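Here the structure comes first, spelled out in structure tokens, and everything after it is commentary.
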Amino acid sequence: MKPGRRFVRRAGIASTEQNGGAVATLSGTWTLAVVGREIDALNAELAALAKRAGTSWDCTGIEAFDSAGALLLWRTWGRRLPGAISLRPEHRRIFERLAAADQCPAPAGEPRLSYAWIRKLGDGAFKLQAHLVDFVALTGQVALNLVYLCRHPAELPRREISANLFKAGVRAMPVTALVGWLIGVVLSYLSSLQLRQFGADVFIINILGLGIIRELGPLLVAILIAGRTGSAMTAQLGVMRVTEEIDALNVMGVQRSLRLIFPKVAALAVVMPLLVVWTTAAALLGGMLAAQIQLDISAPFFFQTLPKAVPIGNVWIALSKGLVFGIAVALVACHFGMRVKPNTESLSANTTSSVVTAITVVILLDAVFAIVTRNVGLA
Amino acid sequence: MRDESLHPCNDQVPIISVRNLGTRFGRNWVLRNLDLEIERGEMVALVGGSGSGKTTLLRQIDGLLIPTEGEVRIFGESLFGGGILRERAIRRRFGVLFQQGALFSALNVYDNVAFPLRELKLLDEGMIHDLVMLKLAMVELLPQHAALMPAELSGGMIKRVSLARALALEPELLLLDEPTAGLDPDRSDSFVRLICGLGAELGLTVVFVTHDLDTLAALATKVAVLAEQRILAYGALREVMQMDHPFIHNFFHSERAARALNAAALTTKA
């Protein structure tokens, strides 16, 4: 074929006058790909023809026809075949389909309610209640698992616990140390600028010691672990639900809470206090370094003064915070993981909720700790 | 250039032509020196033992996998090397039905079928609505199914919705990966009938991978047997069955196969 004569398919419309009425002759290709390109022009041309009374339609010249092309005509004709029409028999079938599809009643939409916001509020309240009930049930289940394991210690899911210890603990060590160290440096640097103005250089040890050991260390680890491990746990359980792996475990008589949830809770309960110690140490080292550079407080002096400035009670508070936060993060993660429905949207929504809720719960628990331990460890 | 790719003026070109195709995973050749030409209007069944590379071949035809050597031409052109617009124009001319349906789980049935139409960016919502409803009616689903989410559908319905989505852009060629896998015999029969009817009505060329002899006997006008890394035989079922090869013998002449093929022959006669 010569380049100049390249054949371009298009939908053709021609109209002629014949004894009083117009005759619309359609030809060419009436398919989605062709019609779609010039839909507005075609629509306008067809509408003009359809508006005139007594137009007869000759569609026998149409070579290729599909439902999109037919639909375009169908809509201009007011969803019925016009009286005067000639049509190829194989094309008539397409219009029959269109007519049949129109016959099906459209599904009734949700009736619009007045005071929709009241309904929304109520729905929200019920949802919250469902979450709380589920969460309490989950916590109770884990507690029952613990009791069961005390009676049947042979069934302790050792492999799972150890895998979780490794994933949530050992693998998290670099990032927690780095973040802790940097926070220590920043905190120490900023505080020392202020303290130097008052000549209260030595108190940097009190600030760092109390602030990091009692408050920042546990909180920092909990937030990092909620983001790092909590989200992973939710996503894992969620995908296992989607792929029916959890059902498969149930069918084999393996208790899902014992095999999937308990190991996660147990592992975080063990690993979080350890990570708190590790991160706190990294933060204190960072702080010590900055204090040495900024305030000329030597490392041996820092070490000697630290126990005097920070009573040992604070360490116990930090460790118990780690334990409680770890359990909370794992329970929240598992709670949301078990709520994932088999679609991608639900998976992402639950993973997000898991992290946000875990961090919020950790901060709430931290406030509770602050109130309960207000008489402990403060000189 | 673009217009021509959208609208073939030459119907004589084979709709799929695979030449000297070879595929290697690691050090392992799955397909080697494979040739296949499929003419317009055929219903081709691609059969072969498990792991013989049926799905791999299908994924190379639809361009999800690039062959290690050789080339695949679809509508007489290669999918790749002509820029993204050209590739898209070719891709819009064929529909694919995945084994598990591959519906977008975050979208409901209506939006799943409307998705390719919306991607065209040519049609208004009213037109899209009518087309979606038409496609749903074509695959024998009811309008009230439109609001369901994929997770709420049964296996048979997932296949139907996914077929409606594959048909949304009025393709000339339909590629099906195990269209009846996971359906009970009843559903599988009605799905095969549906594909058959639509194929004849819309003038589709259909290529499907299957294990199921009932499906094969009911749908296929031609059979391509994939074994020993290549197409061992390609032709009408009767011709293929005549060939003397251990795989063909096993596949078509086992007791189970004879039963299925006889039953199919009886129903065609009746």
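Letters go in sequence order (proteins before strands), and every chain restarts at 1. Since the model is a prediction, treat every value here as computed from it, not as a measurement.
For B/M149, no part lies under 4.5 angstrom from a heavy atom of chain A. Contact annotation for B/K121: neither backbone nor side-chain heavy atoms come within less than 4.5 Å of a heavy atom of chain A. Residue contact with chain B, scored on non-hydrogen atoms closer than 4.5 Å, is absent for A/L347. With a threshold of 4.5 angstrom between heavy atoms, B/L120 approaches chain A through side-chain atoms but not through N, CA, C or O. For a residue to count as touching a neighbouring chain, one of its non-hydrogen atoms must lie under 4.5 Å from one of that chain's; by this rule A/I39 touches chain B with the side chain only. Residue contact with chain A, scored on non-hydrogen atoms closer than 4.5 Å, involves the side chain of B/L117 exclusively.
Atom CG of A/N343 and atom CG of B/L103 lie 12.0 Å apart (nearest 0.5 Å). The CE atom of B/M127 sits 4.5 Å away from atom CG of A/L72, with the distance rounded to the nearest 0.5 Å. Here CE of B/M138 is found 9.5 Å from CG of A/L98. Values are rounded to the nearest 0.5 Å. In this structure, CG on B/L167 lies 11.0 Å from CG on A/D66, to the nearest 0.5 angstrom.
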Test side-chain contact (heavy atoms from CB on, under 4.5 Å) applied to B/E172 and A/T31, step by step = CA-CA 11 Å; B/E172 299 155 51; A/T31 57; over 6 Å; no

ask   = A/L32 and B/E170: side-chain contact (heavy atoms from CB on, under 4.5 Å), yes or no, with the steps?
value = CA-CA 7 Å; A/L32 179 63; B/E170 310 284 348; 4.0 Å; yes

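A donor-acceptor pair is defined here as one N or O able to donate and one able to accept, closer than 3.5 Å; such a pair exists between the side chain of A/R75 and the backbone of B/G126.
Counting non-hydrogen atoms of neighbouring residues, nucleotides and ligands closer than 6.0 angstrom, the CD1 atom of B/I84 reaches no more than 12 such neighbours. In this structure, A/R80 places its CZ atom where only 12 or fewer heavy-atom neighbours from other residues, nucleotides or ligands lie under 6.0 Å away. Remark: A/R339 CZ is packed, more than 12 non-hydrogen atoms of other residues, nucleotides or ligands lying under 6.0 Å away. Atom CD of A/E38 sits in a crowded spot, with more than 12 heavy atoms from other residues, nucleotides or ligands closer than 6.0 Å.
Considering only heavy-atom pairs separated by less than 4.5 Å from chain B, the leading option among A/R93, A/E345, A/E90 is A/R93. The most heavy-atom pairs under 4.5 Å with chain B, out of A/G36, A/S346, A/A64, come from A/G36.
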Would you mind writing out the side-chain donor-acceptor pairs for residues 182-189 of chain B within the sub-3.5 Å range, not counting sequence neighbours?
| residue | atom | partner | partner atom | Å |
| --- | --- | --- | --- | --- |
| B/D184 | OD1 | B/D186 | N | 3.1 |
| B/D184 | OD1 | B/R187 | N | 2.8 |

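The two residues A/R97 and B/L198 come nearest to each other via the heavy atoms NH2-CD2, 3.9 Å.
Counting only residues at least two apart or in different chains, side-chain hydrogen bond (donor to acceptor under 3.5 Å, both in side chains) contacts with residues 94-107 of chain B comprise A/T344-B/S105.
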